[in-house]
Amino acid sequence: MTQKIADLLFPSLPFTTEEVLAKYPSRDLPQGAQVLRVAPSPTGFMHIGGIYAALVSERVAHQSQGVFMLRIEDTDLKREKEGAVELIASSLEEYSIPMDEGVKGDLTEIGAYGPYTQSKRRDIYQAFVKQMVAEDKAYPCFCSEEDITALREKEIALGARPGYHGQFATCRYLTEAQQEEKIKKGLPWVIRFKSNGNYNEKCIARDILRGNREFPQNDLDIVLLKSDGLPTYHFAHIVDDHLMGTTIVLRGDEWFSSLPLHFQLFDAMGWKTPKYAHIAPIQKMEEGAKRKLSKRKDPEASITFYAEQGYPKQSVLEYLMNLANSNFEDWRRQNPVSPLTDFPFKLKKMGSAGALFDFVKLLSVSRDTVAHMSAERVYEEGLEWAEKYDNAFALLMKENKEKMIKILSIERKPSGKGRKDIALWSDIKKEVSCFFDALWEGISEEGKAFLLEHKEAKEIALSYQKIYSSADDNQVWFDKVKQIADEFNYATSMKDYKEHPENFKGSVSDIASLIRVLITGKLQSPDLHDMMQILGEDAVQKRLSAL
RNA sequence: GACCCUAUCGUCUAGAGGCCUAGGACAUUGCCCUCUCACGGCAACAACGCGGGUUCGAUUCCCGCUAGGGUCGCCA
């Protein structure tokens, strides 16, 4: 009976649902393989939470010998921004999150279950929606925006639940003749789901992370197909994830409440439901309260923030992985140089409460990550960053490649137990500034304060200057520092000093610090002897006599 | 308003009735090491939101309360 209406609504579709289904055979995958996808909207903004979800999804898929897809959910033309798809695809590429199927940075698509861009799947959705109308599982609705607003007001006034449901779902009760008349009149329409749910009865929603939860059944006749002919999220989700063979739908928390609806839709189509995992959004602390990272208010919500500030991508990934599975850091200690992909990630170990993004911890993770890198890699990645965000410094780095690598090599050990002064690529400049006249900013505030505390700083510097030689090896170098210490009545051994501090003006530590301040401008630096070797005799002499 | 989710040190968390005197990491503090700063090592500080049950026993199970968060769109 309703076939007539279905034909009237969709007079010319290029294929039937049977033909579509035939083009999407079930996947031939090993036992236990999972198929996951990440499905962002091209809004021109790449949220850090999107990378988080993608990282986790990719791990689950590839660890199980499965498939990871990138699907573009562009069914809302109003929100779409130019270049947004490229941004999404290239972000995944930059963060080394490899996808097997989907849209690539150059906008081409790979994979046999496409297209992976929803706006290119319009006919597919329409074929299924047409079938639903024919089967009386969906119906056209001619309500205008004003009608819907009026309906809501009426419901609220009556104390009823808002929404298009039950007796309030006016278009549900239109006769076929009425439908036909309205269609022929050219009234705009949408297709709504004819829900058979009863709000007063319960249903069970299963979630991998939260377990089985009880919900009221869904009785909302939600929109399946919008007046522009594109599907809503709900319908696109059902159709795509069925056709593409998704086995686990990993998505944000905000979808949890839609679970009864989605189960109901799968059921109406006669399809097997995938498993679901809802993850909590990343939060931030503001005025003592946690709240979701907002793309409007929080620059750190966007991954461009991390790129600009110079956060190494590896560090961000390590931190996110730690947020996802807190035992990651234990594993990392045991396996300091293994690739991230060796970590046995467990979806079930993810927490269900929203995690607070902790920049102090991120920085700590990053220092550690960088400490494990070779000087060459630090140079290369640092240069890559500088070329985008600090041209002048990039130039200097390129002109002084060998010297830069020598500087970065000081106290750098493969074990990662060496220097930890670089967390961000933008830190490199500060750490090498004393080696280049163009960057040298003189003695820092703390350094000046230190010098003021030591009245005889100038004499010490001059005495030391006389005996310093760049030919000295580390041992000789330090013996000379001690010699100066002795000369000015500073303890040459820390032990002596600690036992009888009253016998000395200070310790060799003060002498070393004094030299360090004059040479590097700072109170902290990697190995002083090595620093002075690289600086060279002339520059050292100049700095020592600068007081 | 209705429905749903979440709740352990400052932060990320471990914990799935006795293994908990609640463990780890970051941060903080102290000590040690050392040829200086750092690195590293050791230690300290520091938490089960509140109230009822169930139980011989509850951080763990149940019920309230409270506090955060989410959903209720022709946005995803």
Side-chain angles (χ1 to χ4, degrees), chain A residues 39-41 43 73-76 78-79 141 143-145 148 152 156 159-165 188-192 199 205 207 210 213-216 220 222-228 230-234 236-237 251-260 278 280-281 283 285 289-292 319 322-323 325-330 332-333 349 351-365 371 411 413 415-421 474-475 477-479 481-482 485 492-495 507-517 520 522-529:
Chain A
S41 297
T43 57
E73 309 231 322
D74 59 343
T75 56
D76 185 7
K78 296 185 292 292
R79 296 208 311 171
C141 168
C143 289
S144 66
E145 226 181 290
I148 299 291
R152 166 168 295 106
I156 290 170
R161 276 178 302 118
Y164 211 81
H165 61 86
W189 46 263
V190 301
I191 303 297
R192 284 185 183 274
Y199 190 78
D207 181 274
R210 296 171 201 270
R213 298 292 159 162
E214 207 175 57
F215 277 96
L220 257 25
I222 58 108
V223 173
L224 260 18
L225 199 75
K226 301 184 280 186
S227 56
D228 62 6
L230 284 168
T232 55
Y233 170 85
H234 305 294
H237 155 52
R251 62 190 358 179
D253 224 353
E254 67 273 20
W255 294 109
F256 194 59
S257 304
S258 308
L259 219 34
H278 290 92
Q283 317 258 116
M285 188 66 94
K290 275 188 186 181
R291 56 154 244 262
K292 196 165 139 182
Y319 178 68
N322 193 222
L323 235 42
N325 270 188
S326 66
N327 58 318
F328 172 72
E329 58 187 350
D330 293 327
R332 180 46 96 203
R333 252 196 307 281
K349 273 186 164 302
S352 44
L356 203 67
F357 206 88
D358 183 351
F359 277 90
V360 178
K361 177 107 181 189
L362 205 208
L363 252 20
S364 163
V365 167
E411 281 189 274
K413 300 174 187 150
S415 66
K417 300 216 166 177
R419 63 143 104 181
K420 294 206 172 152
D421 51 349
N474 206 320
Q475 187 56 54
W477 173 85
F478 196 70
D479 285 344
V481 175
K482 287 205 275 198
T492 52
S493 128
M494 289 305 285
K495 238 179 204 129
S507 72
V508 65
S509 160
D510 294 290
I511 305 298
S513 290
L514 194 143
I515 300 169
R516 169 172 286 113
V517 166
T520 70
K522 288 176 287 208
L523 244 29
Q524 292 176 4
S525 79
D527 189 273
L528 234 198
H529 172 259

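Naming convention: chains lettered A, B, ... in sequence-line order (proteins, then strands); numbering from 1 in each chain.
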On RNA chain B, check which nucleotide each of A:Trp477 and A:Pro281 is closest to and give me the residue with the more 5' one.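 Looking at the nearest nucleotide for each, A:Trp477 comes out on the 5' side.
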Quick check: on RNA chain B, is the nucleotide nearest A:Met494 upstream (toward 5') of the one nearest A:Pro216, or the reverse? Name the residue that is more 5'.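 First, find each residue's nearest nucleotide; the 5'-ward one identifies A:Pro216.
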Provide the distance between the two [atom1] atoms, one in [N] and one in [M], to the nearest whole Å.
N	M	atom1	value
B:A7	B:U34	C1'	46 Å
B:G24	B:C32	C1'	22 Å
B:C20	B:A2	C1'	41 Å
B:C9	B:C4	C1'	29 Å
B:C3	B:C63	P	15 Å
B:G53	B:U13	P	32 Å
B:A16	B:U59	C1'	11 Å
B:G41	B:G51	P	41 Å

Take the protein atom [atom1] of [X] and the nucleotide atom [atom2] of [N], then report the distance between them rounded to whole Å.
X	N	atom1	atom2	answer
A:Asp421	B:A38	CG	P	13 Å
A:Asn474	B:U36	CG	C1'	11 Å
A:Ile156	B:C3	CD1	P	16 Å
A:Phe215	B:C3	CZ	P	13 Å
A:Leu259	B:C3	CG	P	18 Å
A:Arg251	B:G70	CZ	C1'	13 Å
A:Gln283	B:A7	CD	P	13 Å
A:Arg419	B:U36	CZ	P	18 Å

What's [X] touching, base or sugar-phosphate or nothing? Going by heavy atoms closer than 4.0 Å.
X	value
A:Tyr199	sugar-phosphate
A:Glu411	base
A:Ser513	sugar-phosphate

Report the base-pairing partner of [N] (Watson-Crick or G-U wobble, both distances below 3.5 angstrom), or none.
N	result
B:A2	B:U71
B:A14	none
B:U21	none
B:U29	B:A43
B:C37	none
B:A7	B:U66
B:U54	none

Does a side-chain heavy-atom distance below 4.5 Å link [X] with [Y]?
X	Y	value
A:Arg332	A:Val365	no
A:Ser258	A:Tyr233	no
A:Tyr164	A:Val223	no

Applying side chain to side chain contact (heavy atoms under 4.5 Å, CB included), can you list everything that pairs with A:Arg516, at least two apart in sequence or on another chain?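 Checked A:Arg516 against side chain to side chain contact (heavy atoms under 4.5 Å, CB included); matches are A:Thr520, A:Ser525, A:Leu528.
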Give the minimum heavy-atom separation between A:Lys226 and A:Thr232, together with the two atoms involved.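 What the structure gives for the nearest pair is CG-CG2, 3.9 Å.
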Do you know which two heavy atoms are closest between A:Tyr319 and A:Asp358, and how far apart they sit?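 Heavy-atom minimum between the residues: OH-N, 2.8 Å.
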Candidate pair A:Asn327 and A:Lys349, rule side chain to side chain contact (heavy atoms under 4.5 Å, CB included), full reasoning: CA-CA 9 Å; A:Asn327 58 318; A:Lys349 273 186 164 302; 3.8 Å; yes
Would you please test A:Phe256 and A:Arg210 for side chain to side chain contact (heavy atoms under 4.5 Å, CB included) and show each step? CA-CA 10 Å; A:Phe256 194 59; A:Arg210 296 171 201 270; 3.5 Å; yes
5' to 3', nucleotides 71-76 of chain B under a 4.0 Å protein heavy-atom cut-off (B base, S sugar-phosphate only, - none) gives SSSBBB
For nucleotides 24-33 of chain B, 5' to 3', base contacts (B), sugar-phosphate-only contacts (S) and non-contacts (-) with protein non-hydrogen atoms under 4.0 Å give BBSS----S-
Tell me, with the steps shown, if A:Tyr199 and A:His165 meet side chain to side chain contact (heavy atoms under 4.5 Å, CB included). CA-CA 10 Å; A:Tyr199 190 78; A:His165 61 86; over 6 Å; no
State the CG-CZ distance between A:Asp527 and A:Arg419, to the nearest 0.5 angstrom.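 Here the rounded value is 10.0 Å.
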Under-4.0 Å side-chain N/O to phosphate OP1/OP2 contact, [X] with [N]:
X	N	answer
A:Arg161	B:G1	no
A:Lys420	B:G40	yes
A:Arg213	B:U6	yes

Apply the test side chain to side chain contact (heavy atoms under 4.5 Å, CB included) to residues A:Arg213 and A:Leu259: give CA-CA distance (whole Å), side-chain angles for both, the deciding distance (0.1 Å), then the verdict. CA-CA 10 Å; A:Arg213 298 292 159 162; A:Leu259 219 34; over 6 Å; no
Give the ring-plane orientation class for A:His234 versus A:Trp255, where under 30° counts as parallel, over 60° as perpendicular and anything between as tilted.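 Perpendicular.
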